[in-house]
Trainee: 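Sharing a structure, written as structure tokens. Questions coming.
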Amino acid sequence: MNLFSHKATETQRFSDLVARRLCAKSLFRTAHNIYGMFRQARNCMRIVVCDIRRIPDLLFLDIEPFLGYNQSMEIKITISRLMKSIESCATVFLMIAAFIFAFPGVSQSLVPVGDPVISGGLIQSPGAGKIYHGVYPGGITGEEDDITLADVQSYEAVSGLHAAWVYFSNNWYRSRLFPAATAQWIADHGSVPYVRMMLRSSPNPANSTREKLFTLQAIINGDFDADLNAWGTAAKAFGGPLIVEYGTECNGNWFCWNGMWNGADRKTLFGDIAKADGPERFVAAYRHIVDTIRNQGANNITWVFHVNYDAYPVKAWNDFENYYPGDAYVDWVAVSDYGPQTPKARDTASFRENLDGVYSRLTAMAPGKPIIVAEFGCTATSKGSKGAPWGAYALNDLIAGQRWPAIIGFSWWNEHWENDNKPINDTTMRLQDNPKLAFAFKSKLVAGPDLLALNKITTFAYQLQNIENSVETDALALSDYDMLVIEPTSTVSGMEDYDIAGTVAMLKAMPAGDMTHRKMVIAYVDLGQAETWRYYWTWSTKWNKGQPKPADWPGYILTPDPDGWSGDYNVAYWDVAWKDILINGLIDEAVVDGFDGVYLDWIEAYDDPAVMQAANAAGVDPKTEMIKLIGELRDYARTKNPKFIVIQQNGTTLLNGHAELLNVIDGIGQEDVWYMGRPGAPWSRSKGYDIAQDPDFSAELITWLDQFLAAGKTVLTIDYTVKHAASTYLLSRGKGYVPYCTRIDLSHLSTTPPPAK
């Protein structure tokens, strides 16, 4: 079964056909398998690099009528083997080139480190393949300077990580002194103190933005030099390494040092008449602070210039580049990148979207400077993105090491606060309040949790549509299902650039129902049918009823789907050309994208009259060929992932007389055991499901499923029912099966999740 309704164009020009056949898909699969850092480069290079495995198809496009199918395919396969050898060499060349020119200095595997690297009294970059992890651990009053060791230890206990630095504020409305006591216990804990120098008169943004005491001009004039001298002297006396920033999120008007409050875009009252006064004053004040403190011999400080990923107000003069104090005054560049910060927020922008928008600007502004994400976080629940999946996506991108190679560290904003007098509207970014987010941290940053074995799962979900929708993937991530069977969306024509690998990585960072193991994520693959909406479909798309098969379609396509699913066509699955698409295409893609296994649909093709007729004409047994094909794809996948799982859907009678089937599958999923649905019925159509199965047919299915179960195979049941879901779950579990009840559209998670066992 497949439920996509994507349509390709009716006809393709020959040149378009050639171009699509020469796209660089398999080439970059190989590259990815050898070196994961090229995932992002692959989509870009697909359009310019030839897939040399397709050359035989092109060269021999028209020779089949002269040589015959078998002889022409033998020639194609021989050339394919030669081309694949050439491809391996080409892949190595491209990898080296990409490594040299695209990702200099990036290690193959980024593993976070807890302990800071100290040299010459300063914190150093963590080294190739490493990334720092820090935290603002949350305070008592929300003023960010009242953190405690207990806060840090509590966070570290649930994250499983030791903090390289601990982030906190030095609010001058409370004290102008260097925060020696806080810095000392942080250092004693084995972390580096990260101090935000907050020269302001009030914690209230409405008051602090209208700063009257610690103005930029007053700082420039030297009004606080005595305080800064004392601060620098104490920092030097502290002795250990420090990270310090002034002017947090300087391009945001919620702080008093933003240009809006200090001259904005006027150019006549300060300094260079070609520059806006507001940012120019900030630069002068920042430099004055650094110079004054350095003059006291405080050379143990790593100075940070910290911006927000977007600017307020959104004006050219307020671009963060205008605030940059210069390379001589900045050691690290920092950025804040938050998701939704309140439960009512509807923002769905990802961490990646935000950071992608500024990363190139940051590196262009300060070439060669290390970058850190000084602040990031997302509230546990919101009307937009949810904390756990948002955080898992962010962590995956941060530690992947390929997307933003200049980033050397990050710190989570681990705070809870009230937004009004209703607890339901409180914001919490604390890992302690969000076990699934804490699980993601451990999964991504410490060590991947064990996969729950297939024979141990008690629940699973099955969804084929809307996987590209973040609301849907958030729901999948936050669900308590042990296993998810989903559509590998990037194999859909027109959606090749969708980051299914990122989605899979996020889902695999989420816990199974036991909150100990991670979820298993399985790719849906139609084994016995070609689908017009897949990337490999390069032919016309319609086979009009009563008309011969279109002349441009390959010979292995036999008949339309007998159950009425539009765009699905039965194939001669023993054909080597189809096997190439299936194994070197769809299965390989599932492995590359990180799926734990595949869920193979249309196994029952062996029993279709047209398929049997074609098999007879080819002199092969359809059952034997189906089992052989499953074994071949399983063997291929397991050369790359020895634990790769293969689950067949339907086709129980394939076991009849063919016990060898049990050697090539790990489980079976069976639809319509007790309740059926109408093919093509949309989610909202109430008459599209709850159709009772024939009792005799149910009994026959159960007889076969019990044989799989007795052989140690996991048995999944999928029944299209809502009204009878509760009783169906009981029936299935009573048999020792793992049930799922939903609507046949499979475009959302079930509205009738299984009751707890």
Side-chain angles (χ1 to χ4, degrees), residues 37 39-44 102-103 110 131 249 251-252 306-314 318-321 333-365 371-407 409-413 427 429 437 440 444 466-478 489-490 494-507 509-510 593-594:
M37 68 188 296
R39 178 75 196 178
Q40 300 302 325
R42 186 180 65 175
N43 287 336
C44 297
F103 303 110
L110 284 177
I131 191 167
E249 299 168 350
N251 56 333
H306 183 173
V307 304
N308 195 53
Y309 79 90
D310 58 354
Y312 294 95
V314 183
N318 197 39
D319 289 346
F320 59 69
E321 291 88 343
V333 174
V335 62
S336 293
D337 183 354
Y338 285 94
Q341 297 182 52
T342 69
K344 293 182 178 180
R346 296 181 179 275
D347 180 22
T348 59
S350 68
F351 177 88
R352 174 189 291 188
E353 289 176 279
N354 294 341
L355 198 50
D356 273 352
V358 297
Y359 178 77
S360 61
R361 292 173 56 197
L362 293 171
T363 55
M365 176 186 71
I371 298 174
I372 63 170
V373 181
E375 300 178 23
F376 82 118
C378 181
T379 190
T381 61
S382 76
K383 295 183 182 297
S385 300
K386 304 297 189 292
W390 189 93
Y393 270 124
L395 292 170
N396 188 63
D397 282 338
L398 281 167
I399 68 173
Q402 55 188 294
R403 193 171 193 89
W404 310 300
I407 292 181
F410 59 90
S411 46
W412 183 259
W413 195 268
T427 288
M429 299 185 186
L437 178 60
K444 290 296 181 185
N466 296 325
I467 300 302
E468 70 279 9
N469 186 316
S470 63
V471 174
E472 299 290 340
T473 51
D474 281 0
L476 288 165
L478 296 171
T489 307
S490 65
M495 300 187 70
E496 291 90 345
D497 290 340
Y498 175 73
D499 183 20
I500 190 65
T503 296
V504 171
M506 182 274 289
L507 293 173
M510 292 291 106
D593 290 333

Trainee: List in chain and number order the residues that pass side chain to side chain contact (heavy atoms under 4.5 Å, CB included) with S470, two or more places apart in sequence or in another chain; answer none if no residue qualifies.
Mentor: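 If we apply the side chain to side chain contact (heavy atoms under 4.5 Å, CB included) test to S470, skipping adjacent residues, the hits are T348, T473.
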Trainee: Got a sec, which residues hit side chain to side chain contact (heavy atoms under 4.5 Å, CB included) with A392, two or more places apart in sequence or on another chain?
Mentor: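 Once residues adjacent in sequence are excluded, the partners of A392 under the side chain to side chain contact (heavy atoms under 4.5 Å, CB included) criterion are A440, M506, A509, M510.
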Trainee: Using the ring centroid of each side chain, check whether W412 and F376 are separated by less than 6.0 Å.
Mentor: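 Under 6.0 Å, so yes.
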Trainee: Once rounded to the nearest 0.5 Å, what's the spacing between atom CG of N251 and atom CG of N308?
Mentor: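 One finds 5.5 Å between CG of N251 and CG of N308.
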Trainee: With sequence neighbours left out, write down each residue that passes side chain to side chain contact (heavy atoms under 4.5 Å, CB included) with A345, or none if nothing qualifies.
Mentor: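 If we apply the side chain to side chain contact (heavy atoms under 4.5 Å, CB included) test to A345, skipping adjacent residues, the hits are P340, T342.
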Trainee: Salt bridge (Lys or Arg N to Asp or Glu O under 4.0 Å) with D310: which residues, sequence neighbours excluded?
Mentor: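 So D310 forms no salt bridge (Lys or Arg N to Asp or Glu O under 4.0 Å) with any residue.
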Trainee: Mind jotting down which residue pairs meet the side-chain hydrogen bond (donor to acceptor under 3.5 Å, both in side chains) criterion with at least one end in residues 377-395? Sequence neighbours excluded, please.
Mentor: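 Applying side-chain hydrogen bond (donor to acceptor under 3.5 Å, both in side chains) to every pair that reaches into residues 377-395, excluding sequence neighbours, yields Y393-T503.
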Trainee: Taking C-beta and beyond as the side chain, do I371 and W404 meet within less than 4.5 Å on heavy atoms?
Mentor: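 The answer is no; the side chains never approach within 4.5 Å.
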Trainee: Calculate, to the nearest 0.5 Å, the distance between atoms CG and CG belonging to L476 and L507 respectively.
Mentor: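 Interatomic distance, L476 CG to L507 CG, rounded to 0.5 Å: 6.0 Å.
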Trainee: Locate the shortest heavy-atom distance separating L478 from P389; write the atom from each residue and the value.
Mentor: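 Heavy-atom minimum between the residues: CD2-CD, 3.7 Å.
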Trainee: If you measure only the distance, is there a donor-acceptor pair under 3.5 Å linking the side chains of E249 and S336?
Mentor: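 Indeed, the side chains of E249 and S336 share at least one donor-acceptor pair under 3.5 Å.
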Trainee: Check side chain to side chain contact (heavy atoms under 4.5 Å, CB included) between A334 and all other residues, then give those that pass, not counting sequence neighbours.
Mentor: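 Listed in chain order: Y194, V304, H306, I372, A374.
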